[in-house]
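Scroll down for the structure; my scribbles are underneath it.
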There are 2 protein chains.
Amino acid sequence: MAGVAGDRRIVSEGAGEPATLSEVAYQRLRADIVSGALDAGKPLRLEALKQRYGLSFSPLREALMRLQSERLVLSTALRGFSVAPLSRAEMKDATETRILIESDALRRSMQGGDDDWEAAIVAAFHALSLQAERQSRLSGEVGAVDMHAMDERHYQFHRALIAHCGSPRLLDLADQLYVETQRYRRPCLVGRVAGTPARDVAAEHQQIMDATLRRSEDAVRYLAEHYRRTAEIIEASTVWPSSA
Amino acid sequence: MAGVAGDRRIVSEGAGEPATLSEVAYQRLRADIVSGALDAGKPLRLEALKQRYGLSFSPLREALMRLQSERLVLSTALRGFSVAPLSRAEMKDATETRILIESDALRRSMQGGDDDWEAAIVAAFHALSLQAERQSRLSGEVGAVDMHAMDERHYQFHRALIAHCGSPRLLDLADQLYVETQRYRRPCLVGRVAGTPARDVAAEHQQIMDATLRRSEDAVRYLAEHYRRTAEIIEASTVWPSSA
DNA sequence: CAATAGGAAATTTTCGAAAGAAATCGAAAC
DNA sequence: GTTTCGATTTCTTTCGAAAATTTCCTATTG
């Protein structure tokens, strides 16, 4: 998932490895929160994190401070940090905010989008399709084949659509909301839940792409539908904590 | 400026003083960046900050990490932090993003807004008017009378408009963008620049409020115009750094 | 028996020093 | 005169221990 939200902030020269332990802590904590390796709602004891990642307090606290700004971590003064809980309300808010941001970004991209932008979309769509096909062919084999690669392609496709919007803030927010909503998607992707209507995600992507290349306002509508449909399926198939 | 962006994050029990030095560092650094006490673009040497605020590295770095997420501070791995520079492009992006966020938040507020919401708007408008009048009466006296109080009232009015939107994310983003754009407004407020067309800001606020209470889509239009007008005046009357 | 105060343990937060990396400066080589 | 290399200095980053605070447990009181 190289390139997702947060990479703007610490400008490390090459594309290579992170230069500071603070950055390492940030990336690993974020990955573990998104993947669910760290349970939602649970307190993040510094001693435990120190142990887990082999880092000391300073870089850990700096990373947690940053994650707090991105709504992945909660903090209470003198009482430490905890993984931000999951709830219906938060998922809805994240989804609708994402739609607001990406709709505008897509519109702006379509307005000024050039040939390179179009080509990048087509390329990302193709790569996503290949990965999806490979995925479905291997489904049922050695567990969770390569969800990571799938996520990355999926992210790249949606990012390509809005890449030409011209606003660093919108792109950043989109990245951040992608990560936030990913927390909700991930558990659903692991196993197909019974009673879920078969859904042709590839067709939805195709529809969005086609409308985008036509520079049609339909693209915005399709994109919003795409996100809302995902949110609905997740809401229905998630076992929510009692109080949320 | 109690209550502006960032207060969500660290939940300190009472409304009282900040419980941690990390929080103190955050608030003071932010205030100094917004007020211009720390020059835009300049590097933030930790030794100097330590001296200035009487704090040590850890809380300072944690605060800087947070400010970085809010686009007030820039950081380069192993090369430290610097105050985010000001530029036309950034101001435009911040302004347009703010309009996007607040337009949606205002629409949602108008949809579900109840009596208390309306009352709070009227109250905030009134308080702002009183402060503005006092301000203009005292203008020309002992320098910069109480810009702080004025800012606070102004913030509270705009916040009251969108307060009922129901989305914590939108409110947070609005807060953040308010602070960001405040950096550009502040220098303009100090002295009225020659050639600036006399502008009846109070009338604009009145117009926004009236349309809002009527639940008219005009409110959204007026609000956007209000922000764009401010941005234009600032752009014209600011001495921009050569490369920006 | 519930409520409360006191104290021990666990945890967060802060500090100052040590380690590590980049920038600076000057001398030597081209 | 310009470039390159190396040592020195400056600065950031990290660490582990000390300080401050909360949490938990127990004994005591009403």
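Lettering of chains follows the sequences in order, A, B, ..., and the numbering in each one begins at 1.
Both tests hold for A/R98 against A/Y227: distance to the six-membered ring centre under 6.0 Å, angle to the ring axis within 45°. Geometric assessment of B/R185 against the ring of B/Y178 yields a positive cation-pi assignment under the 6.0 Å and 45° thresholds.
With sequence neighbours excluded, the residues forming a side chain to side chain donor-acceptor pair (under 3.5 Å) with A/R169 are B/E90, B/D93, B/E180, listed by chain and number. Residues that satisfy the side chain to side chain donor-acceptor pair (under 3.5 Å) test with A/S103, not counting sequence neighbours, are absent from this structure. With sequence neighbours excluded, no residue forms a side chain to side chain donor-acceptor pair (under 3.5 Å) with B/R45. Residues satisfying the ring pair (Phe, Tyr, Trp, His ring centres under 6.0 Å) criterion with B/F81, sequence neighbours excluded, are absent altogether. Considering only residues two or more places apart in sequence or on other chains, B/S82 meets the side chain to side chain donor-acceptor pair (under 3.5 Å) condition with none of them. Partners of B/R108 under the salt bridge (Lys or Arg N to Asp or Glu O under 4.0 Å) rule, at least two apart in sequence or in another chain, are B/D104. Residues forming a salt bridge (Lys or Arg N to Asp or Glu O under 4.0 Å) with B/E232 (at least two apart in sequence, or on another chain): none.
In this structure, B/E62 atom CD and C/dT12 atom P are separated by 13 Å, rounded to whole Å.
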Output a table of donor-acceptor pairs, distance under 3.5 Å, between side-chain atoms of residues 32-44 of chain B and any protein atom two or more places apart or on a different chain; print 'none' if there are none.
residue, atom, partner, partner atom, Å
B/D32, OD2, B/R52, NE, 3.4
B/D32, OD2, B/R52, NH2, 3.1
B/D32, OD2, B/Y53, OH, 2.6
B/S35, OG, B/A31, O, 3.1
B/S35, OG, B/D32, O, 3.4
B/S35, OG, B/A37, N, 3.2
B/D39, OD2, B/K42, NZ, 3.0

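Of the residues in residues 42-54 of chain A, not one comes within less than 4.0 Å of DNA chain D through any heavy atom.
Looking at heavy atoms from C-beta onward, A/M150 lies in side-chain contact with A/L128 at the 4.5 angstrom threshold.
Between the side chains of B/Q131 and B/R134, at least one donor-acceptor pair of N or O atoms lies under 3.5 Å.
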Identify each atom pair where a protein N or O and an N or O of nucleotides 21-23 of chain C are less than 3.5 Å apart, giving names and distance.
residue, atom, partner, partner atom, Å
C/dA23, OP1, B/R79, NE, 3.3

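Rounded to 10°, the helix from C/dC1-D/dG30 to C/dC30-D/dG1 has 20° between the axis fitted to its first five pairs and the one fitted to its last five.
Nucleotides of DNA chain D nearest to A/L55 and B/G80 differ in position, and the one nearer the 5' end is that of B/G80. If A/F57 and A/L21 are placed on DNA chain D by their nearest nucleotide, the residue sitting closer to the 5' end is A/L21.
You can see that DNA chain D meets the heavy atoms of chain B within a 4.0 Å-exclusive cut from D/dC11 to D/dT14, reading 5' to 3'.
In this structure a side-chain-to-backbone donor-acceptor pair under 3.5 Å is missing from B/W117 to B/C165.
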